[in-house]
*Asks:* 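Quick one: the structure is below, and I'll ask about it shortly.
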Amino acid sequence: MLAFLLTLFQSVEPAPKAPRPPNIVHVLADDVAWDDFSCYGSRDLVTPNVDRVASEGLRFTDFYAPSATCTPSRAAILTGCYAQRVGLTQVLFPTSEVGLADSEVTIAELLKGRGYATALVGKWHLGHQPQFLPTRHGFDLFFGIPYPNDHGPERLTSKEPRVSRGFPPIPLLRGESVVEQPAQLASLPERFIAEARKFIAEHKDAPFYLQLSNIETHTPWLVPQRFQYKSQAGVYGDAVACLDWAVGELLDELAKQGLDGDTLVVVSSDNGPLVHRYPELEGIYGHAATVDPERRHWLRDGKYQARYEGGTRVACVARWPGHIAPGGVSGELVAGFDLYTTFARLAGAELPADRIVDGNDLSALLLGRPEDFNPRDTLFHYENLELVAVRNGNWKLVLPRKTGERPELYDLEEDPSETTDQSEEHEDFVARLLELCELAREDLGDSKHGVEGRNRRAAGRLVK
Ligand code: MG
């Protein structure tokens, strides 16, 4: 009888809930070096919160930003494609009249289609006119600045006579409305975090996607007063400490709302760091844009160039308690646009079937099913429309700047700092890699070779 009653009781229990797709929080750091987090071996920065994401999840050693500058990298991350494919290959300015095309399907749109609430807090940089803003690309909420923190009226032309570039004061937008101009830049990190925490709290019962795109690690390095002059790595170090605090705040809010096990947190960067002094910015922002040329990085060179690792190889850590095993390290060759495909798969969203998507699905790798993971063996590096390097396995071929010069070949496993060119010892392999470059040219083009590329789509044009 008791057994019967128990059966009866069980039969009226609600059916088990279908597993909820994960919330996704992506912290997209601006211009932070691969080795500027302590979990990546920083020599002078301590980043306990990013380290915590790594130690409670997975750390990628060979993750590449899709570009060495902001706009193309962000276009690629949001569309799952090489930036060359979606037509945004250069940094946009407040005078630009292009942006992310309407026809592109962003990850925010894919997730929104699966019932996600979506927010972008921080920097956008994919077109500042209303038709290009995050609100037109699948984000329910946008609170931030439409382009970088160094695109204000203080900027002068780089060539003589040095005159104003005509940039307006930087606006702070909520949705599509300017709520402050000039935006009070040093106050923004804390206001962005308050907004992000509020968004998480308000959407704790439904899946959400939040991209927090910080600005303080991009020159000028302006931080709230309590972070100033604290880091032994100077003002840039203060900015990284502020970013690390921001990551901690988000983790804190997720824990407070009981969402740890329901939320994938990813921290990555859009490109490598500024490593050379930049006199124009120094002249305007003083110490807030003065690079310390004595500071050493493991990887060669930095932002603005994609030939060497420092421009594109960046940190990426991912945490999802109960789903991603803690303390993992992956040396797979992965790229920023893989996040698109991965987030879509985890959310149960179909990828657009009518176009090429370059992103690889990393979900099996994250979830500890390496047997189901289909690894990538080749990744191409571009500067604007010029193919400049290809990575294949652990090898990297750097294409020459000038016609007639030899390409360089590096073994990244033995020589991640790219100090020893091995091209003369491996001529057959160099020839094979050059054949791979021809495939990239046919697909994505190469301005240096006058090749247009068959599979490129146009950027959005301003409709006046
Ligand atoms: Mg950047």
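Numbers here simply count residues along the sequence, with the first being 1. Read the numbers this way: they start at 1 and go in the same order the structure lists the ligands and their atoms.
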*Asks:* How far apart are the C-alpha atoms of Tyr147 and His128, what are their side-chain angles, what is the distance that settles it, and do they pass the ring pair (Phe, Tyr, Trp, His ring centres under 6.0 Å) test?
*Replies:* CA-CA 7 Å; Tyr147 40 71; His128 66 280; 5.5 Å; yes

*Asks:* For a quick test of reading the model, state the closest non-hydrogen atom pair linking Leu346 to Trp320 and the distance between them.
*Replies:* CD2-CZ3, 4.0 Å

*Asks:* Any idea which N/O/S atom from Asp31 gets closest to the Mg ion (ligand 1)?
*Replies:*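 Answer by atom name: OD1.
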
*Asks:* Establish, yes or no, whether a centroid distance under 6.0 Å links the rings of His151 and His125.
*Replies:*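 That pair passes the under 6.0 Å test.
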
*Asks:* Could you confirm whether Asn271 has any N/O/S atom lying under 2.8 Å from the Mg ion (ligand 1)?
*Replies:* yes

*Asks:* From the N, O or S atoms in Asp270, identify the one nearest to the Mg ion (ligand 1).
*Replies:*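 This turns out to be OD2.
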
*Asks:* Under 4.0 Å between a side-chain nitrogen and a carboxylate oxygen: does that hold for Glu109 and Arg136?
*Replies:*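 Looking at Arg136 together with Glu109, the answer is no, because their closest N to O distance does not fall below 4.0 Å.
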
*Asks:* Would you mind naming the N, O or S atom of Asp30 nearest to the Mg ion (ligand 1)?
*Replies:* OD1

*Asks:* Between Cys70 and the Mg ion (ligand 1), is there a contact where an N/O/S atom of the residue lies under 2.8 Å from the metal?
*Replies:* yes

*Asks:* Do the ring planes of Phe192 and Phe143 sit parallel (below 30°), tilted (30 to 60°) or perpendicular (above 60°)?
*Replies:*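 Perpendicular, since the angle between the ring planes exceeds 60°.
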
